[in-house]
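As the structure lists them, so they are numbered: ligands from 1, and atoms in each ligand from 1. Owing to the predicted nature of the structure, the values given are computational and were not obtained by experimental measurement.
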Amino acid sequence: MKRRTLLAATAASGLAAMPVASMAQAYPSKPITVVVPFAAGGPTDALARILCQRMGEALGQQLIVENVGGAGGTIGVAKVARATPDGYTIAFTHMGTLAVNIALYKSLPYDSQKDFEPVGLGGTNPMVLVTKKDLPAETFPEFQAYVKANEKKVQYGMAGIGAASHLGGLMLNSMMKVDVLEIPYKGTGPALNDLVSGQFDYMVDQAVNVLPQIKSGNIKALGVSTTKRLSQLPDVPTIDEAGLKGYEVTIWNGFFAPKGTPKDVVAKLNQALVTTLSDDKVKVRLTELAVDLPEGKETTPEALGAQLKASIDKWVPAVRAAGVKPE
Ligand code: ASP
């Protein structure tokens, strides 16, 4: 390329010659990739797609969800940790991949607190203990007795080591004092399909994913993971009230950018998220799916950073105490 041509091309693109500050003002000038570290059709994916669509409208650019499942979400999260920190590749992930799995892997391909810029919390989800339709147990105590009596043949599904469904399942099994074979999937979307067709026995998954199948009677709900019942499932007891005192697991999800992403880019993404979270249509849709949405100060990047730290402090010792050996 001759020099004159090069200068002309630079002027035409309008970007290469801009100082960094005005580059951020031009952000976003192209679609943004949002890595969801689990398969399509699961809870992380569902929540990401609802939020990303509205955030894209707010930013005037599409947010494109890319599903990078496997290894309990660590493959997708690692991809974002290594991405160029320009705001065009970010992650939508949860406390499993960033906090819980610190206790479950001998070494992780990223440092949750050093390799990311928190953008904002996307919602906190209760979980539900769901079983295949023909499991011979109609209540939580019956379920517990059945699993104990059939410990060697019962199987539970989860989305890989460190996934939210793994945390829900491992805490349940540890408190029931059973050692059950786990069946790992790339996400609980595909796992749920197999539970509906009776390929394994039970799973603890986020309500946002399982509510529709419970309502259609394709699986049974025997307990919820919160200390209060869910208004969407008023007849389903909490696991705590049904027999496992102290069982409580809720899963927060959030957007994270690679470390070094400019502050004003993070602020723009956060602003789009705040706009989305206050949109009435989004609120109604997510409330129906039992997602608890952050409000006010809970929506800041700092609040997400604090939430991450609190979850590491809470779950790493709890999972270690449950006696699960790191991989
Ligand atoms: N996030 C879910 C889990 O951790 C899986 C998924 O989104 O598919 O179990």
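Ser174 and Tyr247 form no side-chain donor-acceptor contact under 3.5 Å, judged by distance and modelled atom types alone.
A pairwise comparison of heavy atoms in Gly123 and Val291 identifies CA-CG1, 3.9 Å as the closest pair.
We find that Asp45 and Arg49 are joined by a salt bridge, their nearest charged nitrogen and carboxylate oxygen being less than 4.0 Å apart. In this structure, Lys259 does not pair ionically with Asp115, as no charged nitrogen and carboxylate oxygen lie closer than 4.0 Å.
The shortest N/O to N/O separation between Thr188 and ligand 1 falls below 3.5 Å. At under 3.5 Å, a nitrogen or oxygen of His94, whether backbone or side chain, sits near a nitrogen or oxygen of ligand 1. The N/O atoms of Ala163, backbone and side chain alike, include none that comes under 3.5 Å of an N/O atom in ligand 1.
With ligand atoms numbered from 1 in the order given, ligand 1 contributes 1 (N), 2 (C) to contacts under 4.0 Å with heavy atoms of Gln206. The Ala159 neighbourhood of ligand 1 comprises atoms 3 (C), 5 (C), 9 (O), with distances under 4.0 Å to a heavy atom of that residue. Remark: ligand 1 atoms within the under-4.0 Å shell around heavy atoms of Pro43 are 2 (C), 6 (C), 7 (O), 8 (O).
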*Step by step, work out the salt bridge (charged side-chain N to carboxylate O under 4.0 Å, His left out) result for Asp264 and Lys268.*
CA-CA 6 Å; Asp264 35 8; Lys268 279 198 174 175; over 6 Å; no
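The single protein non-hydrogen atom nearest to atom 3 (C) of ligand 1 is Ala164 N, 3.4 Å, given as residue, atom name and distance. Counting only heavy atoms of the protein, atom 9 (O) of ligand 1 lies nearest to Ser165 OG, 2.5 Å. The nearest protein atom to atom 7 (O) of ligand 1, hydrogens excluded, is given as Thr44 OG1, 2.5 Å; this is a heavy-atom distance.
Under the 4.5 Å side-chain heavy-atom criterion for ILVMFWY residues, a single connected hydrophobic cluster contains both Ile312 and Val249.
Using the six-membered ring where Trp is involved, Tyr202 and Tyr156 have ring planes that are parallel, under 30° apart on the 30 and 60° scheme. Ring geometry, Tyr185 versus Phe200: the interplanar angle falls from 30° to 60°, so the pair is classed tilted.
The proximity of His166 to ligand 1, defined as any non-hydrogen pair under 4.0 Å, does not occur for either the backbone or the side chain.
Residue contacts with ligand 1 leave out Gly96, since none of its heavy atoms falls under 4.0 Å from the ligand.
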